[in-house]
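Predicted model only: the values in this text are computed from it and were never measured.
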Amino acid sequence: MQARDSKTILVVIYKKNINDSITLQSLRNFLKKEDNVNELIIWDNSSEYNSKEEINNFSLSFKDTKIRYIPAIENTPLSKIYNYIISLVSTSWLILLDDDTNLTDVYFNELNSVFKSIFDIPNLILPQIYFNNQLVSPAKQFFIFGKRIKFIKNGLIKAKHSTAINSGMCINVQYLKEKFPGYNEKINFYGTDNDFMLKYSDHNTFFYVLNTKLTHTLNLFSDLINNKDVSFRIEDTKNGILEITKDRYAFLFPVAYIYITFFKFKIKLKKILCNLSIFKK
């Protein structure tokens, strides 16, 4: 039987060497025995960036945690990765991480404190995620429309009309295996977090927010000038919104289509303006 606070960490990397991943390097620096992380799974969606020697050398940094490296032959959608990992995990909790979340020892220390001091822990524990000094997760979600909030207190937060980004989620594995219906595999990358949060609110009244504040890059907005994947990410965001709408709010499908068309125009206009500003310099 696994300990109440036993954890598996999943880090998904893409087009990045493990030594260049902010997340993996912060885990190397801060993860310790008392954090009770049984396994660190590295899912590499572009394995040509990492050699066996580099993986082995990285693994040597972790004495108390098993390292499992999974090289993918294609850029596997997050929805399929998460569903597969859920079927593998045997610990009590699963932590999801992207490759660019700047973790600190405060995150794990506060998690440990929650497990020790709170008896009836909700099935989801979230850090506060910041991008450009703004709180981006958790946030509010009304149907398909998200709204950022300026401040959130740590503690119990109502799950209904709330959303959060994947990175930093600490999820109860028993809930994932027994009640969670699984990620919608028609959603590839963007939208998997909203899909999870909507389904979570169907079975859970609360989640727990840590006082811990982490920084994370929102890839769609981080570099509109040099980012060659913007068009792909816009289309993937469109797909995620439309799939969630079809699944839960079919009556809003025309509104969703208009909303995503405006969203695409807004992002493309921002990119044009960014390019013009560089040209003028």
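More than 12 heavy atoms of other residues, nucleotides or ligands lie within 6.0 Å of OH in Tyr249, so this atom counts as buried by the packing criterion. In Lys16, the NZ atom is crowded: over 12 heavy atoms of neighbouring residues, nucleotides or ligands sit closer than 6.0 Å. In Lys213, the NZ atom is crowded: over 12 heavy atoms of neighbouring residues, nucleotides or ligands sit closer than 6.0 Å. Enclosure of atom NZ in Lys80 is not indicated, since only 12 or fewer non-hydrogen atoms of other residues, nucleotides or ligands lie within 6.0 angstrom. Open room surrounds CD on Gln174; 12 or fewer heavy atoms of other groups in view lie less than 6.0 Å from it. Crowding of Glu53 atom CD: a count of heavy atoms from other residues, nucleotides or ligands under 6.0 Å not exceeding 12. Applying the 6.0 Å contact sphere to NZ of Lys160 captures no more than 12 heavy atoms from other residues, nucleotides or ligands.
With hydrogens and angles left out, the side-chain atoms of Glu185 and Ser79 include no donor and acceptor closer than 3.5 Å. Using modelled atom types, one finds a donor on one side chain and an acceptor on the other under 3.5 Å when comparing Thr163 with Asn194.
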Show which side-chain atoms of residues 195-202 pair as donor or acceptor with protein atoms under 3.5 Å away, not counting sequence neighbours.
residue, atom, partner, partner atom, Å
Asp195, OD1, Lys199, NZ, 3.1
Asp195, OD2, Asn184, N, 3.0
Asp195, OD2, Lys199, NZ, 3.2
Lys199, NZ, Gly182, O, 2.7
Tyr200, OH, Asn123, N, 3.4
Tyr200, OH, Leu124, N, 3.3
Tyr200, OH, Phe206, O, 2.7
Ser201, OG, Leu198, O, 2.7
Asp202, OD1, Arg248, NH2, 3.0
Asp202, OD2, Arg248, NH1, 3.1
Asp202, OD2, Arg248, NH2, 3.4

Scan the side chains in residues 67-76 for donor-acceptor partners under 3.5 Å anywhere in the protein, sequence neighbours excluded, and list what turns up.
residue, atom, partner, partner atom, Å
Arg68, NE, Glu39, OE2, 2.7
Arg68, NH2, Glu39, OE2, 3.2
Tyr69, OH, Asp44, OD2, 2.6
Asn75, OD1, Asn45, ND2, 2.9
Thr76, OG1, Glu74, O, 3.4

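Aromatic pair Phe131/His216: ring centres not closer than 6.0 Å.
The residue from Thr91, Asn112, Asn36 that alone fulfils the side-chain hydrogen bond (donor to acceptor under 3.5 Å, both in side chains) condition with Asp5 is Asn36.
Side chain of Asp35 to main chain of Lys32: a donor-acceptor pair is present (N/O by atom type, distance under 3.5 Å, no hydrogens or angles). Counting only distance, with no hydrogens or angles, the side chain of Ser92 and the backbone of Ala3 share a donor-acceptor pair below 3.5 Å. Between the side chain of Thr23 and the backbone N or O of Thr101 there is at least one donor-acceptor pair closer than 3.5 Å. The main-chain N or O of Asn17 is never found under 3.5 Å from a side-chain atom of Ser21 such that the two would form a donor-acceptor pair.
Taking hydrophobic clusters as Ile, Leu, Val, Met, Phe, Trp and Tyr residues chained together by side-chain heavy-atom distances below 4.5 Å, Phe251 shares a cluster with Ile241. Tracing side-chain contacts under 4.5 Å through hydrophobic residues (I, L, V, M, F, W, Y), one reaches Ile55 starting from Ile9; they form part of the same cluster. Cluster annotation: Val114 is connected to Leu31 through the hydrophobic network of ILVMFWY side chains, with a link wherever side-chain heavy atoms come within less than 4.5 Å. Cluster annotation: Phe30 and Ile22 are assigned to distinct hydrophobic clusters (Ile/Leu/Val/Met/Phe/Trp/Tyr, side-chain heavy-atom contacts under 4.5 Å, transitive).
In this structure the side chain of Ile86 reaches within 4.5 angstrom of the side chain of Phe180, judged on heavy atoms.
With rounding to the nearest 0.5 angstrom, the CG atom of Asn102 is 7.5 Å from the OG1 atom of Thr104. Note that OG1 of Thr8 and NZ of Lys66 are 9.5 Å apart. Values are rounded to the nearest 0.5 Å.
Among residues at least two apart or in separate chains, ring pair (Phe, Tyr, Trp, His ring centres under 6.0 Å) pairs with a member in residues 99-129 are Trp93-Phe115.
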**Item:** Test log, rule side-chain contact (heavy atoms from CB on, under 4.5 Å), inputs Leu210 and Leu126
**Value:** CA-CA 6 Å; Leu210 301 172; Leu126 297 173; over 6 Å; no
